[in-house]
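Order of the sequence lines sets the chain letters (A, B, ...), proteins ahead of strands, with each chain counted from 1.
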There are 2 protein chains.
Amino acid sequence: MEIPRTLKVLWGLEERRNRGPQPALTLDRIVATAIEIADHDGLAALSMARLAERLGSAPMSLYRHVASKDELLVFMQDAAPGEPPTLPPGWRVGLGTWARGLQAVFHRHPWILHASAGRPPLEPGQLAWLDRGLSAFDGTPLTSHERLQAVMATLYYVRGEAQIMAVLLTGEADVTEDAYGALIGSLVTADRFPALAAAIADGVFAPEAEDVTFETGLSRLFDGIELLMSARN
Amino acid sequence: MEIPRTLKVLWGLEERRNRGPQPALTLDRIVATAIEIADHDGLAALSMARLAERLGSAPMSLYRHVASKDELLVFMQDAAPGEPPTLPPGWRVGLGTWARGLQAVFHRHPWILHASAGRPPLEPGQLAWLDRGLSAFDGTPLTSHERLQAVMATLYYVRGEAQIMAVLLTGEADVTEDAYGALIGSLVTADRFPALAAAIADGVFAPEAEDVTFETGLSRLFDGIELLMSARN
DNA sequence: CGCTCTATGCGTATCACATACGCAGTTAGG
DNA sequence: CCTAACTGCGTATGTGATACGCATAGAGCG
């Protein structure tokens, strides 16, 4: 079982010698700048050339610190979420805080959703969040397995929501929000999409009160978890 | 309010003249072949050149039928899911069938998760699925708004799960499943990740019975929806 | 029945990008 | 002070998307 280089670096397992010149570039600085670019201009705008330019170095210099662009993306994914929030007591508020913190991360760094995880999490940053999420259930009667499944379900929900909402908020939309209502109304006919047409007729796509979706769905999920828990008491 | 060309094509609103030579290439054939490539070799392997080669034409010929590669991706996203499944009666089984159908789509076409939606759905394929999902609640006491939120929550959950699981199943993993348990056990220490360490000690990452996650979490969510519904009766 | 106009296939060229390879300069430790 | 371990980076190569414009095919009009 060989630990991949990328993980070794992330966990600080790489022995650093100290022979050569003073590094003008650090991995931290590279990753931080790459995150800035991705946050500001999107993942597509992040090229090794642009990154090097922003860092004041030549493109190839980056490869002394990063094996490939893919590895850089892994580093970025691990660093961008930062420390998970401190959770208030009570599993429901606690996990709610965790979920909203995660949502905020995805809103701040939407590109994380495009850079795929690649495997079950083994990066320290990811594990810190997972650990914090699990800690919300300290003192509850759920088994470890149930706790993990509850946290993962929450993660799925938050991630899915963020992904659907991401591009909507990025402003890439080729149709404005106002035009959307009109367009969908004209395209959706009752004979072809009966249930949807009925919903539209009830005004579900009117521009008011739409952004409660996240909280509402989360409450459903938490209600379900609570039901499981109360079956244990 | 101008309807983007892409949507016009998808909804068949484009008037087709019929003057020139018989097209050797059709949009349908292009999209179907592109989906094949993406399914088989991943989205990264889908280049206009490779696609053209598979179609027996020159790369630039594709641009007569598709405005750009991005537009092609939208067409692919719309076509790949196919028809939504017919739902059995009863909202819970119905929505469950819908969710599992959607999960199957994501497993069959994992690249859909990477190609971003771009906006709230306006493609006929997406709307067909949304409509079918909503139809699961026919005859229930939920309001249109609540139905939409329930379906969207389910969508978020399924999509999030698929995205986390996708690359795991693609086999890109740089760490085998067996090695994973050992690795995570050695990296996660109780002082740094107490809750996670406890869970691991309880064997949550042992290789047995892990894939029930999808159904379990979905049951939690459905329980929450059911609670809302029974409050209405 | 030939003319014309629209649509199609595609060759060429350009530009952006990731990255292999190897040289040259730098400095800590012997 | 000298040498090995490192760093920065110039050059070159291959891939990919796509603008532009030419040549051609065939439907409908005269």
Among C:dT27, D:dT18, D:dA17, the one nearest A:P21 by side-chain distance: C:dT27
Short side-chain N/O contact to C:dG9 OP1/OP2 from B:H65, under 4.0 Å: yes
Nucleotide nearest B:K69 when distance is taken to its side chain, options D:dT18, D:dT7, D:dG8: D:dT18
Touch class at under 4.0 angstrom, heavy-atom based, for B:S61 against every strand present: base
pair A:M76-A:W111: side-chain heavy atoms closer than 4.5 Å: yes
First encountered from the 5' end of DNA chain D, between B:A67 and A:A58: A:A58
Options C:dG29, C:dC10, D:dC9, nucleotide nearest the side-chain atoms of A:R19: C:dG29
Non-hydrogen side-chain atoms of B:Q77 and B:H109 separated by less than 4.5 Å: no
From D:dA27, D:dA17, C:dC17, nucleotide with atom closest to B:Q22 side chain: D:dA27
Touch class at under 4.0 angstrom, heavy-atom based, for B:M48 against every strand present: sugar-phosphate
Pairwise side-chain contact, A:I184 with B:L127, heavy-atom cut-off 4.5 Å (strictly under): yes
B:R50/B:D41 salt bridge by N-O under 4.0 Å criterion: yes
B:R64 side chain, from C-beta outward: closest of D:dA19, D:dC6, D:dG21: D:dG21
Distance, rounded to the nearest Å, where A:L51 contributes CG and D:dC9 contributes C1': 15 Å
